[in-house]
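Since the structure comes first, as structure tokens, the remarks are kept for the end.
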Amino acid sequence: MSERRKPYPFDQLEPKWQTLWDERRAFRAPNPGEPDFDSTKPKFYVLDMFPYPSGAGLHVGHPEGYTATDIIARYKRLRGCNVLHPMGWDAFGLPAEQYAIKTGQHPSITTRDNVAKFKTQLKRIGFSYDWEREISTADPKYFRWTQWIFLQIYNSWFNPETRRAEPITSYTGDDPDSVRLAYVAEVAVNWCPELGTVLANEEVIDGKSEVGSFPVVKRPMRQWILRITAFAERLIDELEPLDWPTGIKLLQRNWIGRSEGAEVNFAAGVDDSSDNVTVFTTRPDTLYGATYMVLAPENPLVERLTTAEQRPAVEQYRQQIAAKSDLERTDLAKEKSGIFTGGFAMNPVNGERIPIWIADYVLMSYGTGAIMAVPAHDERDFEFAQKFHLPIREVVAAAPRSSEGGEAPCSLPPLVCTTDDGFAVNSPLIDGLPTAAATSKMIEWLEQNAHGRRDVRYKLRDWLFSRQRYWGEPFPIVWRDGKHEALPESDLPLEPPPLDDFKPTGTGEPPLAKAKDWLRYSGAASRETNTMPQWAGSCWYYLRFCDPGNDERLVGEAAERYWMGGDQAGGVDLYIGGTEHAVLHLLYARFWHKVLFDLGHLSKTEPFQRLVNQGMILGEDGRKMSKRWGNVIDPLDVIALYGADAFRCYEMFMGPLEQMKPWSMKGVEGVSRFLARVWRLMMEENQAGDWILSDHLQEIALEKRQLRVMHATIKKVTEDIEALSFNTAISQMMVFVNEFTGAAARPVSALRTLLILLNPFAPHISSELWEALAQKFPGGEGDVTQQDWPEHDPAHLIEDEVEIIIQINGKLRDKIVVPLDIAEEDLKALALARPKVIELTAGKAIAKVVVVPKKLVNIVAR
RNA sequence: GCCGCUGUGGCGAAAUGGCAGACGCAACGGACUUAAAAUCCGUUGGGCUUAACGGCCCGUGCCGGUUCGAGUCCGGCCAGCGGUACCA
């Protein structure tokens, strides 16, 4: 295939400018205290979700968000901001370790190679990152502070009085280990045999691992856990004021899953009622309808509440459930199962004796692991009651009903179930009350009679924080006599041992246990062999970017105050990334941020002020890009054909940033044509085939029409960048170019304005053309990146005359051109006098005339 | 099941309640060229009508409502995508 002729010499000018930017450190962001720091400028922190450097390299999906942030970064610089725009690597993680197991190549080598590849790709797209701030989570200089933060968490507790994390020294109880924000517990965890590790709930999807889709089983193990549930309420409340997509906020809120209700105590037992079972319910108003009770099979109370007679059946059921994986348990969700324990509980509100069952539809991990079953008003209880012929009693009705001479106290099954609100019936204490009032009154009664209390529960569970992997941060913890203790800060960073054999042991013992020398700490003490999950590094990288070289602190105070603080809401001003991190990363990072804030290390309670999710880019065939379909596009291939500027502009021109959209090479070509037209506005080829400045360029005033287009373009591009509507900003610049392409004489000032507007989108071509113009015409000192962003003048947008549309009954019928300042009455008269209007309204009465100045006249005729 | 998002030309998409389809792709016609590519100029939602200028009707997933006027607001459906799933 013959060499395709380039529409303009991007293959030469793009590398030229990329080299120049590097040499001039053009996008370095000085920190407070540095000599070239300008404190008079406002700060702007614009951040990408940093990538995991996989072996496959970038595909065109990654740079979509990166291009958007780069446009913002370059735009904010032109508007006179100090811009923090960094990039780094989420370098710990499973794939590098899996690769190491397969090939024997150390994960650090794999990671280094992959980072190099990613960096080459990013640099070739011309992103204006401050590469002097590059960080890698696998770098000891970085994870030293990840480990340090873990120690802060370990050494704190959540004080319910102040609702804040506080140093563990402020805890006055007997057993500090029971309240630490990082604690060890033997819990049923998600064990993935294939990966040889436990996983967080968030990493398990439909009973399979998120990475690799391997089966996951429940298994009790001793694990490190972070007490994120202590922050559940704040994680919900403090989410509210953030400028995030409502969908993402909702997702987080649902994940945290706040439920308001009450705890109710039931006396319970086999013969007498010596025991006590507490349940959580969101519908205390239905207490009279509780006709039986269900415990989770794993609930320890089951032992004591089972009669000798029922014990064999109960044990059999419990074993049957325990043998099931989570997947099987949810698969069988449709058919209810359970067994009677033989025990009974006493309903505190009416003294009724109700049977206690166990069933796997009650989960040990939510609420108290026990429920009061109200079959008439809960779908699951209803289904269960029907299957096992348990009584169903209606206690909520659509309309109030007299308690006098009404239903029998324990009605026959109505065979219907409603979860809707209504009015209490068959409930002497609250009869006739609407659900909300009935609920409050019942809670009051429970509290007054010491049968229960108001309560709030969350779906969110504590964060399982340890992994049995090699390629992650070791815990800065040692064990002595079966007790954990923190390493001194001076021992940080604690690097993983240089292992050759990374394979999981298969027993659940972490690979680090194989490093016998490393394991020994001092005397009888030995190191913790678990490592942290991949999330750890990404929980705080945005903080490190503020001050990546600091050896004294995780981030210098002044740098943190400047970049993460500020008069306004503070934090990262704009954070762009994929929806896949809507709950996990964003929740974990917010949690750590709050702990560090409470402990006085940070300025603001929230890390990310404004969040935007870019949509996925599909292949040309409309399918998700994947090796399987062979529809993956490599940015470097696109750049080789059309250049980095065309690549960037196309990524933005495709459609709205947040929308999912398919790739189109033809589309890239169209945008490339646009850039070539910009080029030829100013350049032409001479006889020798060299590009020289065009003869059409002149230092002349703009025509009225040109002025209008130019100012309209300044206005639209500015507003659209602020709104992240990059596709329409580019459209407007195309309109500008179309307008000036036809002009025989092209005013230099207008072209310079265009180049500044275009610079954030297409930085290379705009830099080159700016430089070329400066060689012949005065007034273009400095690079285009050093100019001031233009302001539009509204005076140039106003026309003397305006076209008015004339509607009859809302339908367009005619148009007239009138002076801008015409009086409404005159406009109305003019419209009514139009021959067309007279014709179409003949024989009808004109009921009304709506006049919208500068827009339209609508004549209502009947 | 529940929650959320999205439905507009052949395609990607525009449109503070006020001319639906800006801008781009594709297609078609023209100029330039020996020719092609590239470039430049033009046409391009569908239908009917006119010799022509032009004119008329229909059209933003479906049904209804609010309004002088609805792609846009409200109510009810349908479809696609995403999340979640016994959370008491």
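Chain naming here is simple, since letters A, B, ... match the order of the sequence lines and numbering starts at 1 in each.
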Handout entry: RNA chain B: 5'-proximal contact among A:Arg457 and A:Thr246 (nearest heavy atom)
Key = A:Thr246

Completion exercise
Here the distance between atom P of B:G24 and atom CD of A:Gln732, to the nearest Å, is 11 Å

Practice task
Indicate yes or no for a side-chain donor-acceptor contact from A:Asp720 to the backbone of A:Ala729 under 3.5 Å, with no hydrogens or angles considered.
Solution key: yes

Problem - Spacing between A:Met652 atom CE and B:G24 atom C1', to the nearest angstrom - result: 16 Å

Problem - Nearest-angstrom distance, P atom, B:G71 to B:C19 - result: 10 Å

Completion exercise
Answer for the Watson-Crick or wobble partner of B:A36, both distances under 3.5 Å, is none

Practice task
Compute whether any side-chain donor of one residue and acceptor of the other, for A:Asn613 and A:Thr579, lie under 3.5 angstrom apart.
Solution key: no

Problem - Side-chain N,O (A:Lys624) to OP1/OP2 (B:G82) below 4.0 Å - result: no

Handout entry: Passing option when A:Tyr361 is tested against A:Phe382, A:Phe384, A:Tyr366 for ring-ring contact (aromatic ring centres under 6.0 Å, His included)
Key = A:Phe384

Exercise for the section: Using a 4.0 Å heavy-atom cut-off across all strands, classify A:Arg677 as base, sugar-phosphate, or nothing. Expected result: sugar-phosphate

Practice task
Pick base, sugar-phosphate or nothing for A:Lys836, based on heavy-atom distances below 4.0 Å to the nucleic acid.
Solution key: sugar-phosphate

Exercise for the section: Could you work out the separation of B:C77 and B:C58 based on their C1' atoms and round it to a whole Å? Expected result: 24 Å

Handout entry: Lys/Arg N to Asp/Glu carboxylate O, A:Arg680 vs A:Glu685, below 4.0 Å
Key = no

Handout entry: A:Leu235 vs A:Gln252 side-chain heavy atoms within contact, under 4.5 Å
Key = no

Exercise for the section: State plainly whether the residues A:Arg834 and A:Asp814 are in salt-bridge range, i.e. N to O under 4.0 Å. Expected result: yes

Handout entry: Closest listed nucleotide, where the reference is the side chain of A:Val860 and the choices are B:A88, B:U84, B:C68
Key = B:C68

Problem - Whole-angstrom distance between B:G17 and B:C32, as gauged at atom P - result: 49 Å

Completion exercise
Using Watson-Crick geometry (N1-N3 plus N6-O4 or O6-N4) or G-U wobble (N1-O2, O6-N3), each under 3.5 Å, B:U66 is paired with none

Practice task
To the nearest Å, give me how far apart CD1 (A:Ile356) and P (B:A88) are.
Solution key: 22 Å

Handout entry: Side chain to side chain, A:Met665 and A:Ile633, heavy atoms closer than 4.5 Å
Key = yes

Problem - Separation between the P atoms of B:G7 and B:G61, rounded to whole Å - result: 8 Å

Handout entry: P spacing across the pair B:G21 / B:G55, given as an integer number of angstrom
Key = 16 Å

Exercise for the section: Describe the nucleic acid contact of A:Thr281 in one word from base, sugar-phosphate, nothing, applying a heavy-atom distance below 4.0 Å. Expected result: sugar-phosphate

Exercise for the section: May I ask you to test the A:Trp663-A:Glu651 pair for a side-chain heavy-atom distance under 4.5 Å? Expected result: yes

Exercise for the section: Let me know the distance between CD of A:Glu263 and C1' of B:A88, rounded to the nearest Å. Expected result: 13 Å

Completion exercise
Under a 3.5 Å limit on both distances, the Watson-Crick or wobble mate of B:C5 is B:G80

Exercise for the section: Specify the separation, in whole Å, of atom OH of A:Tyr366 and atom C1' of B:C86. Expected result: 12 Å

Fill in the blank from the handout: Nucleotide by nucleotide, nucleotides 8-19 of chain B touches protein heavy atoms under 4.0 Å in the pattern (B base, S sugar-phosphate only, - none) ----BSS-B-BB

Exercise for the section: Scan A:Thr368 against the nucleic acid and name what it touches under 4.0 Å (heavy atoms): base, sugar-phosphate only, or nothing. Expected result: nothing

Problem - Nearest-Å distance for atom pair CH2/C1', residues A:Trp255 and B:A85 - result: 11 Å

Practice task
Check whether any side-chain N or O of A:Arg673 sits under 4.0 Å from OP1 or OP2 of B:A38, and answer yes or no.
Solution key: no

Practice task
Between B:C11 and B:U44, how far apart are the C1' atoms? Round to whole Å, please.
Solution key: 14 Å

Handout entry: Atom-pair distance (CG on A:Leu251; C1' on B:C2), nearest Å
Key = 13 Å

Exercise for the section: May I ask you to say what A:Gly670 touches in the nucleic acid, namely base, sugar-phosphate or nothing, with a heavy-atom cut-off under 4.0 Å? Expected result: sugar-phosphate

Problem - Position toward the 5' end of RNA chain B (nearest nucleotide), A:Lys666 or A:Arg680 - result: A:Lys666

Exercise for the section: Can you tell me, in whole Å, how much space there is between the C1' of B:A15 and that of B:A20? Expected result: 7 Å

Fill in the blank from the handout: Using Watson-Crick geometry (N1-N3 plus N6-O4 or O6-N4) or G-U wobble (N1-O2, O6-N3), each under 3.5 Å, B:A27 is paired with B:U43

Handout entry: Separation between the P atoms of B:C81 and B:A31, rounded to whole Å
Key = 49 Å

Exercise for the section: Classify the nucleic acid contact of A:Asn809 as base, sugar-phosphate or nothing, counting any heavy atom under 4.0 Å across all strands shown. Expected result: nothing

Practice task
Give the rounded distance in Å between these two atoms: CD of A:Gln614 and C1' of B:G82.
Solution key: 15 Å

Practice task
For A:Arg253, report the nucleic acid contact type (base, sugar-phosphate, nothing); a contact means any heavy atom under 4.0 Å.
Solution key: nothing

Handout entry: Euclidean distance, A:Ser725 OG relative to A:Lys716 NZ, rounded to 0.5 Å
Key = 7.0 Å

Exercise for the section: Would you check if A:Val857 and A:Val849 make a side-chain contact, meaning some heavy-atom pair closer than 4.5 Å? Expected result: yes

Practice task
Answer syn or anti for B:G9, where the cut-off is 90° from 0 on the glycosidic torsion.
Solution key: syn

Fill in the blank from the handout: When both distances are under 3.5 Å in a Watson-Crick or G-U wobble arrangement, the nucleotide paired with B:A13 is none

